[in-house]
*Asks:* 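Please read through the structure below; I'll follow up with questions.
Residue numbers begin at 1 in each chain, while the letters A, B, ... track the order of the sequences. The basis for the numbers below is simple: all heavy atoms, side chains too, and nothing from hydrogens, waters or symmetry mates.
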2 protein chains.
Amino acid sequence: MLRARGKKVTPQRVLIYRALLGDRTHPTAEQLHARLKELLPGLSLTTVYTALNDLVQAGELRRFEAGDGSVHFDPEMRPHAELVCVQCGRIDDAPVEPASVRMPEEVQGYRILRRTELLHGLCPSCQADPA
Amino acid sequence: MLRARGKKVTPQRVLIYRALLGDRTHPTAEQLHARLKELLPGLSLTTVYTALNDLVQAGELRRFEAGDGSVHFDPEMRPHAELVCVQCGRIDDAPVEPASVRMPEEVQGYRILRRTELLHGLCPSCQADPA
DNA sequence: CTTGGTGCAAAGCTTTTGCATATCA
DNA sequence: TGATATGCAAAAGCTTTGCACCAAG
């Protein structure tokens with residue numbers, strides 16, 4: 001996949017790509033960097049940013065802004081909504097309602113390329129413990 | 001409304017609030033500031049930011065991130081989607097599909113407080129003129 | 001060998017904050 | 001008069017950029 005795009009396969013990228021594929025936590029660039037530099041101490045934040053941007057451009061990763069100023073990455077490319085806890089910041093994927101699945105190709109003259117749905121609320125543990 | 005919240009009525013706020021009410025362009029804080037300082041030359045960006053944040057907190061204004069890093073404000077509080085042109089940055093309001101209107105109160109244990117729907121695409125003029 | 005990547009430090013942006021002054025109630 | 005807002009400048013946070021060195025193809 002990398003080679004097909006004229007990119008090089010480096011240890012850093014392999015690590016970053018692998019980490020993301022199994023990740024359901026919607027990390028930010030910094031969160032990912034914090035975790036990965038324990039595995040590869042020299043890993044720089046710059047490299048994480050470039051790798052993430054590459055993946056987004058290649059259509060392998062979805063990038064979204066959670067609504068509180070933070071930018072998150074999600075390897076799930078099928079249509080879904082993001083559940084964002086306004087208290088603890090936790091983010092989960094939610095299946096979209098059937099009606100929302102058929103993304104319109106055109107709305108008010110706009111040609112639609114992608115859709116993002118954010119649901120802000122309180123996650124189960126923040127409801128139980130409104131610290 | 002301001003007085004009800006223990007706030008003072010200043011010329012700056014009157015100007016900012018009035019400008020927003022009739023605005024369908026989803027301006028950013030800076031765009032709004034640029035326009036308004038022609039009417040009130042001394043107006044500072046700081047004041048615009050505080051006024052906008054106040055309005056959002058008061059529930060009079062909706063704040064959303066367009067997906068490209070920019071933060072926009074929208075006086076329309078009824079449920080709707082945002083049409084974002086990925087080329088020129090123009091933003092329009094779009095009526096939501098009937099199925100999306102009934103916002104779920106609860107999804108996967110989350111208590112839902114609000115919903116944001118973004119549709120990214122190409123606006124009519126950018127389709128005609130893919131500069 | 002040649003192109004592209006990495007890591008560091010510095011630059012860039014947007015938004016917030018501290019503080020003295022001015023303004024509203 | 002007393003509380004709050006304003007405006008400036010500085011600080012803060014996140015992301016990108018410039019550059020020298022290194023590594024993959």
*Asks:* Taking only the side-chain heavy atoms of B/Gln12 (C-beta and beyond), determine which of C/dT23, D/dT6, C/dG5 contains the nearest atom.
*Replies:* D/dT6

*Asks:* Send over the distance from B/Leu43 CG to D/dT6 P, rounded to a whole Å.
*Replies:*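 Value for this atom pair: 9 Å.
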
*Asks:* Quick one: which of D/dT15, D/dA24, C/dT6 gets closest to the side chain of A/Pro11?
*Replies:*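 Output: D/dA24.
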
*Asks:* Quick one: is B/Thr47 getting a side-chain N or O under 4.0 Å of the D/dG7 phosphate, OP1 or OP2?
*Replies:*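 Result: yes.
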
*Asks:* Quick check: are there more than 12 heavy atoms from other residues, nucleotides or ligands sitting under 6.0 Å from CZ of A/Arg111?
*Replies:*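 Count not over threshold, so no.
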
*Asks:* Does any part of the side chain of A/Tyr17, heavy atoms only, come nearer than 4.5 Å to the side chain of A/Leu55, both counted from C-beta?
*Replies:*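 The answer is yes, as the side chains (C-beta and beyond) meet within the 4.5 Å cut-off.
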
*Asks:* Nearest-Å distance, CZ (B/Arg5) to C1' (D/dA3)?
*Replies:* 16 Å

*Asks:* Rounded to whole angstroms, how far apart are CD on A/Glu65 and P on D/dT15?
*Replies:* 9 Å

*Asks:* Which residue, A/Leu40 or A/Gly6, contacts DNA chain C at a nucleotide closer to its 5' end, judged by nearest heavy atom?
*Replies:*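 It is A/Gly6 whose nearest nucleotide is closer to the 5' end.
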
*Asks:* Classify the nucleic acid contact of B/Gly42 as base, sugar-phosphate or nothing, counting any heavy atom under 4.0 Å across all strands shown.
*Replies:*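 Sugar-phosphate contact only - B/Gly42 comes under 4.0 Å of backbone atoms but never of a base.
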
*Asks:* Got a donor-acceptor contact below 3.5 angstrom from the A/His26 side chain to the A/Phe73 backbone?
*Replies:* no

*Asks:* Heavy atoms from C-beta onward define the side chain here; which of D/dA3, C/dG7, C/dG4 lies closest to that of B/Lys8?
*Replies:*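 Looking only at heavy atoms from C-beta outward on B/Lys8, the closest nucleotide is D/dA3.
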
*Asks:* How long is the line joining CG of A/Asp68 and C1' of D/dG13, in whole Å?
*Replies:*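 So the two atoms are 13 Å apart, to the nearest Å.
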
*Asks:* What is the distance, to the nearest angstrom, from the OH atom on B/Tyr49 to the C1' atom on D/dA12?
*Replies:*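 To the nearest whole Å, that distance equals 13 Å.
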
*Asks:* Regarding B/Arg115 and A/Glu117, does a basic nitrogen lie under 4.0 Å from an acidic carboxylate oxygen?
*Replies:*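 Salt bridge between B/Arg115 and A/Glu117, a charged N being under 4.0 Å from a carboxylate O: yes.
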
*Asks:* Taking only the side-chain heavy atoms of A/Asn53 (C-beta and beyond), determine which of D/dT16, C/dT14, C/dC24 contains the nearest atom.
*Replies:*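 For A/Asn53, the side-chain atoms sit closest to D/dT16.
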
*Asks:* If I take atom NZ in residue B/Lys37 and atom P in nucleotide D/dT6, what distance separates them, rounded to the nearest angstrom?
*Replies:* 17 Å

*Asks:* Could you state the NE2-C1' distance from B/His33 to D/dC8, rounded to the nearest angstrom?
*Replies:*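 So the NE2-C1' distance, B/His33 to D/dC8, works out to 12 Å.
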
*Asks:* Without decimals, in angstroms, what is the distance between A/His72 NE2 and D/dT15 C1'?
*Replies:*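 To the nearest whole Å, that distance equals 15 Å.
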
*Asks:* Choosing from D/dT16, D/dG7, D/dA5, which nucleotide comes nearest the side chain of B/Thr46?
*Replies:*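 Among D/dT16, D/dG7, D/dA5, the one nearest the side chain of B/Thr46 is D/dG7.
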
*Asks:* Can you work out whether A/Lys7 or B/Thr28 has the more 5'-proximal nearest nucleotide on DNA chain C?
*Replies:* A/Lys7

*Asks:* Among the candidates D/dT6, C/dG5, C/dT14, find the nucleotide nearest to the side-chain atoms of B/Glu30.
*Replies:*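 When the side chain of B/Glu30 is considered, C/dT14 is the closest of D/dT6, C/dG5, C/dT14.
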
*Asks:* So does B/Arg13 get a side-chain nitrogen or oxygen closer than 4.0 Å to the phosphate oxygens (OP1/OP2) of D/dT6?
*Replies:*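 It does, given that an N or O in the side chain of B/Arg13 lies less than 4.0 Å from OP1 or OP2 of D/dT6.
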
*Asks:* OP1 or OP2 of C/dT6 versus the side-chain N and O atoms of A/Thr10: is any pair under 4.0 Å?
*Replies:* yes

*Asks:* Under 6.0 Å from the CD atom of B/Gln57, do we count more than 12 heavy atoms belonging to anything else shown?
*Replies:* no

